[in-house]
**Student:** 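Quick one: this structure, given as structure tokens, is what I'll be asking you about.
For reference, positions follow the sequence shown, starting with 1. Values in this document were obtained by computation on a predicted structure and should not be read as measured data.
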Amino acid sequence: MKRLPIWKRLRRRAERQWLIARAARRRKVLHPVADRTGQIRSRDILAFVTQRNERIRLPWFLKHYRDLGVQHFLFVDNDSDDGSLDYLKDQPDVSVWWTDAGYKQARFGMDWINWLLMRHGSGHWCVTVDPDEFLIYPHCETRPLRALTDWLDGSGRRSFSAMLLDMYPKGPIEAQPYHEGQDPFQIARYFDPANYTIRKNPKYGNLWIQGGPRTRAFFAYDPLAGPALNKIPLVKWHWRYAYVSSTHMLLPRSLNLTYDEDGGELASGCLLHAKFLSSFSQKAAEELDRRQHYANSQEYRAYHAGLQGEADLWCPESREYQDWQQLEELGLISRGNWA
């Protein structure tokens, strides 16, 4: 990554310090419900999550990340009323904080997550994801997350990128009911193998990826308004780091260099995105009514408009998901030099 002029570096540093100070101020709205952070050991891999009314998704979410090797989960519950808070506080490897403060006013939850990362994540490899995001990476069926983070440590890398890959069923989204504890990818088995654009964000240096079924189905009139698919969900955290916008980019700026600018490839993963299940229409209507999301809930307004009929994201070019090797063949994931 080309070194920035000193005045730009100072500006990025000031921005990072502002984000950290802002997160410290917002901590006052977080009320501990079950604080088990005393159980965290020095080498534990941690997961950080903000959730609201995701009770039906939580059992499989926890199973997936436990199976990968996450040892402790730190949740912020944003005033759920579906029983998910009670469920989380009874999990022995979960610490959970509750707040009824505005999600939008907390920079869409990132102030809360930045604080918990600063307070509990420093020195740990930390996975920051939503309850509908499931990390996969090269060799994930045979190598635990610890193998990946040990290799990243040995390679001098502090961050690991994963493209968000929207998964969807064949046929109307609402036609196949999803049940608690079920593998969501038994239903949402398809994805777009191409139809993606990539550009570099000149301010932060991260890649900006758009496209896929959401852009195709809901933002065809304005593809640049479609959601960003670039994520950096796995970071060896330091208390001086901060997420800038969701997990799309961080400061210091060097953490965003998760790609090779000289034509090679660095190892990368995917986040299988299980948004499009049978509860999606209800969730979209709820979030549109709350208006707590980015750009005055522009994304959820597009979903609401597109869901007036029986939404079906499948198309003749859709592929059925097999494994990470399939995604590597399609150029959506890479082993880099992790043999």
**Student:** Take V96 and L85 through the test side chain to side chain contact (heavy atoms under 4.5 Å, CB included) and record every step on the way to the result.
**Tutor:** CA-CA 8 Å; V96 59; L85 179 61; 3.7 Å; yes
**Student:** Could you state the interatomic distance from CD1 (I40) to CG (L74), rounded to the nearest 0.5 Å?
**Tutor:**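 Going from CD1 on I40 over to CG on L74, the span is 5.0 Å.
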**Student:** Check for a donor-acceptor pair, side chain of E133 on one end and backbone N or O of L271 on the other, with a separation under 3.5 Å.
**Tutor:**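 Checking the backbone N and O of L271 against the side chain of E133, no donor-acceptor pair under 3.5 Å is found.
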**Student:** Got a second to check how far S80's OG is from W98's CH2, nearest 0.5 Å?
**Tutor:**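 Reported value, rounded in 0.5 Å steps: 10.5 Å.
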**Student:** Report the C-alpha separation of Y204 and E15 in whole Å, then their side-chain angles, then the decisive distance to 0.1 Å, and conclude whether the side chain to side chain contact (heavy atoms under 4.5 Å, CB included) test is met.
**Tutor:** CA-CA 12 Å; Y204 295 103; E15 181 181 3; 2.5 Å; yes
**Student:** So, does N230 use its side chain to make a donor-acceptor pair with the main chain of L207 at under 3.5 Å?
**Tutor:**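 Yes: the side chain of N230 pairs with the backbone of L207.
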**Student:** For the pair D44 (side chain) and L46 (backbone), establish whether a donor and an acceptor sit closer than 3.5 Å, ignoring hydrogens and angles.
**Tutor:**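 It does not hold such a pair.
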**Student:** Test side chain to side chain contact (heavy atoms under 4.5 Å, CB included) on K170 and R189 and set out the steps.
**Tutor:** CA-CA 8 Å; K170 185 176 183 179; R189 305 194 316 272; 5.7 Å; no
**Student:** Under a 4.5 Å side-chain heavy-atom rule over Ile, Leu, Val, Met, Phe, Trp and Tyr, are I20 and L10 clustered together?
**Tutor:**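 No; L10 is not reachable from I20 via cluster members.
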**Student:** Return the CG to CD1 distance between L332 and I136, rounded to the nearest 0.5 Å.
**Tutor:**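 Separation between the atoms: 9.5 Å.
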**Student:** Could you tell me whether L224 atom CG has more than 12 heavy atoms of other residues or ligands within 6.0 Å of it?
**Tutor:**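 Count over threshold, so yes.
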**Student:** Quick one: is the NZ or CZ of R319 closer than 6.0 Å to the six-membered ring centre of F191, and within 45° of its axis?
**Tutor:**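 Judged by the rule, R319 and F191 form no cation-pi pair.
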**Student:** Just so I know, are the side chains of T197 and I209 near enough to count as touching, which here means a heavy-atom distance under 4.5 Å?
**Tutor:**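 The answer is no; the side chains never approach within 4.5 Å.
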**Student:** Give a yes-or-no answer on whether the side chains of R143 and Y137 include a donor-acceptor pair shorter than 3.5 Å.
**Tutor:**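 Checked: R143/Y137 side chains show no N/O donor-acceptor pair below 3.5 Å.
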**Student:** To the closest 0.5 Å, what do you measure between CG (L164) and NE2 (H248)?
**Tutor:**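 So the gap between those two atoms works out to 8.5 Å.
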**Student:** Looking only at atom types and distance, does a side-chain atom of Q210 sit under 3.5 Å from a main-chain N or O of R199, one as donor and one as acceptor?
**Tutor:**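 Absent.
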**Student:** Output yes when a side-chain donor or acceptor of D132 lies under 3.5 Å from a complementary backbone atom of A274, and no otherwise.
**Tutor:**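 Answer holds: no.
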**Student:** Apart from W7 itself, what residues make up its hydrophobic cluster, given side-chain heavy atom links below 4.5 Å?
**Tutor:**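 None, because no other hydrophobic side chain comes under 4.5 Å of this residue.
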**Student:** So, R43 side chain and R146 main chain: donor-acceptor pair closer than 3.5 Å or not?
**Tutor:**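 Pair absent, no side-chain N/O of R43 close to backbone of R146.
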**Student:** Got a sec: does the CZ of R11 have more than 12 other heavy atoms crowding it under 6.0 Å?
**Tutor:**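 Not buried by this count: 12 neighbours or fewer within 6.0 Å.
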**Student:** Using the ring of each side chain (for Trp, its six-membered ring), is Y65 parallel, tilted or perpendicular to F61, with breaks at 30° and 60°?
**Tutor:**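 Rings of Y65 and F61: tilted, as their planes differ by 30° to 60°.
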**Student:** Are R16 and P252 close enough that some pair of their side-chain heavy atoms sits under 4.5 Å apart?
**Tutor:**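 The answer is yes; the side chains approach within 4.5 Å.
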**Student:** Is there a donor-acceptor contact under 3.5 Å linking the side chains of D192 and Y168?
**Tutor:**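 There is such a pair between these side chains.
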**Student:** Keeping S161 on the side-chain end and S268 on the backbone end, is there a donor-acceptor pair under 3.5 Å?
**Tutor:**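 Not confirmed, S161 side chain does not pair with S268 backbone.
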**Student:** What is the distance from atom SG of C126 to atom OH of Y241, rounded to the nearest 0.5 Å?
**Tutor:**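 The distance works out to 11.0 Å.
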**Student:** Which pair of non-hydrogen atoms, one from Q105 and one from R22, has the smallest distance, and what is that distance?
**Tutor:**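 The answer is O-NH2, 3.0 Å.
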**Student:** Considering non-hydrogen atoms only, spot the tightest contact between G211 and L229 and give its length.
**Tutor:**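 The answer is O-CD1, 3.5 Å.
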**Student:** Could you note down all residue pairs passing side-chain hydrogen bond (donor to acceptor under 3.5 Å, both in side chains) where residues 327-338 supplies at least one of them, sequence neighbours left out?
**Tutor:**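 Checked against side-chain hydrogen bond (donor to acceptor under 3.5 Å, both in side chains) - neighbours excluded - the pairs reaching residues 327-338 are E265-S334, E328-R335.
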**Student:** Write out all pairs satisfying side-chain hydrogen bond (donor to acceptor under 3.5 Å, both in side chains) with one or both partners inside residues 23-37, taking only residues at least two apart or from two chains.
**Tutor:**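 Every pair satisfying side-chain hydrogen bond (donor to acceptor under 3.5 Å, both in side chains) with a residue in residues 23-37: D35-T37.
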**Student:** A side-chain contact here means heavy atoms from C-beta on lying under 4.5 Å apart; do R158 and S254 qualify?
**Tutor:**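 Sidechains of S254 and R158: in contact.
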**Student:** Keeping to residues at least two apart or across chains, list the salt bridge (charged side-chain N to carboxylate O under 4.0 Å, His left out) pairs with something in residues 65-76.
**Tutor:**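 Qualifying pairs: K63-D67, R66-D93.
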**Student:** Only one of F134, Y321, W60 forms a ring pair (Phe, Tyr, Trp, His ring centres under 6.0 Å) with F185, so which one is it?
**Tutor:**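 It is F134, the one option of F134, Y321, W60 that forms the ring pair (Phe, Tyr, Trp, His ring centres under 6.0 Å) with F185.
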**Student:** For T50, run the side chain to side chain contact (heavy atoms under 4.5 Å, CB included) check against Y103, F108, F75 and tell me which one passes.
**Tutor:**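 With T50 as partner, Y103, F108, F75 yield a single side chain to side chain contact (heavy atoms under 4.5 Å, CB included), made by Y103.
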**Student:** The test is salt bridge (Lys or Arg N to Asp or Glu O under 4.0 Å); show your working for K200 and E261 and say whether it passes.
**Tutor:** CA-CA 11 Å; K200 185 176 178 179; E261 293 186 295; 2.6 Å; yes
**Student:** To check you understand the geometry: which heavy-atom pair defines the closest contact between P177 and S278, and what is its length?
**Tutor:**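 Scanning both residues, the minimum pair turns out to be CA-OG, 3.4 Å.
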**Student:** Would a distance-only check, ignoring hydrogens and angles, find a side-chain to backbone donor-acceptor pair under 3.5 Å from D166 to P213?
**Tutor:**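 Not confirmed, D166 side chain does not pair with P213 backbone.
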**Student:** When you compare the side chain of R253 with that of R13, does any pair of heavy atoms fall below 4.5 Å?
**Tutor:**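 Of all side-chain heavy-atom pairs linking R253 with R13, none is under 4.5 Å.
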**Student:** Among all residues two or more places apart in sequence or in another chain, which pass the ring pair (Phe, Tyr, Trp, His ring centres under 6.0 Å) test with Y243?
**Tutor:**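 Y243 satisfies ring pair (Phe, Tyr, Trp, His ring centres under 6.0 Å) with W237 only.
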**Student:** Does the R52 side chain pair with the main chain of D79, one donor and one acceptor, at a distance under 3.5 Å?
**Tutor:**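 Judged by distance alone, yes, a pair lies under 3.5 Å.
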**Student:** Using the rule that two of Ile, Leu, Val, Met, Phe, Trp, Tyr join whenever any of their side-chain heavy atoms come within less than 4.5 Å, decide whether L266 and M163 are in one cluster.
**Tutor:**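 Cluster IDs for L266 and M163 differ.
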**Student:** When you compare the side chains of S84 and Q51, does any donor N or O come within less than 3.5 Å of an acceptor on the partner?
**Tutor:**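 Note: S84 and Q51 side chains meet the donor-acceptor criterion.
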**Student:** With heavy-atom distances below 4.5 Å as the criterion, would you say the side chains of L251 and L255 are in contact?
**Tutor:**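 No. Closest side-chain heavy atoms not under 4.5 Å.
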**Student:** Shortest non-hydrogen contact from A228 to W208?
**Tutor:**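 The pair with the smallest heavy-atom distance is CB-CZ2, 3.4 Å.
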**Student:** Show your working on side chain to side chain contact (heavy atoms under 4.5 Å, CB included) between R107 and L19 and close with a plain yes or no.
**Tutor:** CA-CA 10 Å; R107 291 194 316 112; L19 289 169; 3.5 Å; yes
**Student:** With a 4.5 Å limit on heavy-atom distance, are the side chains of H273 and R214 in contact?
**Tutor:**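 A side-chain contact exists here, since the closest heavy-atom pair is under 4.5 Å.
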**Student:** Please list all pairs passing the side-chain hydrogen bond (donor to acceptor under 3.5 Å, both in side chains) test where one or both residues lie in residues 116-130, with sequence neighbours left out.
**Tutor:**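 Sorted result for residues 116-130: W125-D153.
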**Student:** Just so I know, are the side chains of W115 and L30 near enough to count as touching, which here means a heavy-atom distance under 4.5 Å?
**Tutor:**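 Yes, close enough: below the 4.5 Å cut-off.
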**Student:** Just verifying a value: how many Å separate F160 CZ and W151 CH2, rounded to the nearest 0.5 Å?
**Tutor:**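 Here the rounded value is 8.0 Å.
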**Student:** Compare every heavy atom of S318 with every heavy atom of L313, then report the nearest pair and how far apart it is.
**Tutor:**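 Shortest heavy-atom separation between L313 and S318 comes out as O-OG, 4.3 Å.
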**Student:** State, yes or no, whether a side-chain contact exists between C315 and R216 at a heavy-atom distance under 4.5 Å.
**Tutor:**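 C315 reaches R216 side chain to side chain.
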**Student:** Taking atom types as modelled and ignoring hydrogens, do the side chains of D100 and N78 form a donor-acceptor contact shorter than 3.5 angstrom?
**Tutor:**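 Checked: D100/N78 side chains show no N/O donor-acceptor pair below 3.5 Å.
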**Student:** Do side-chain atoms of T99 reach the backbone of A101 as a donor and acceptor pair under 3.5 angstrom?
**Tutor:**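 Looks like yes, one N/O pair under 3.5 Å.
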**Student:** Can you list the steps and then say if Y87 with E180 is a side-chain hydrogen bond (donor to acceptor under 3.5 Å, both in side chains)?
**Tutor:** CA-CA 12 Å; Y87 176 80; E180 182 179 316; 5.9 Å; no
**Student:** If you compare all heavy atoms of I232 against all heavy atoms of N256, which two are closest, and at what distance to 0.1 Å?
**Tutor:**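 Closest pair (atom of I232, atom of N256, distance): CD1-OD1, 3.4 Å.
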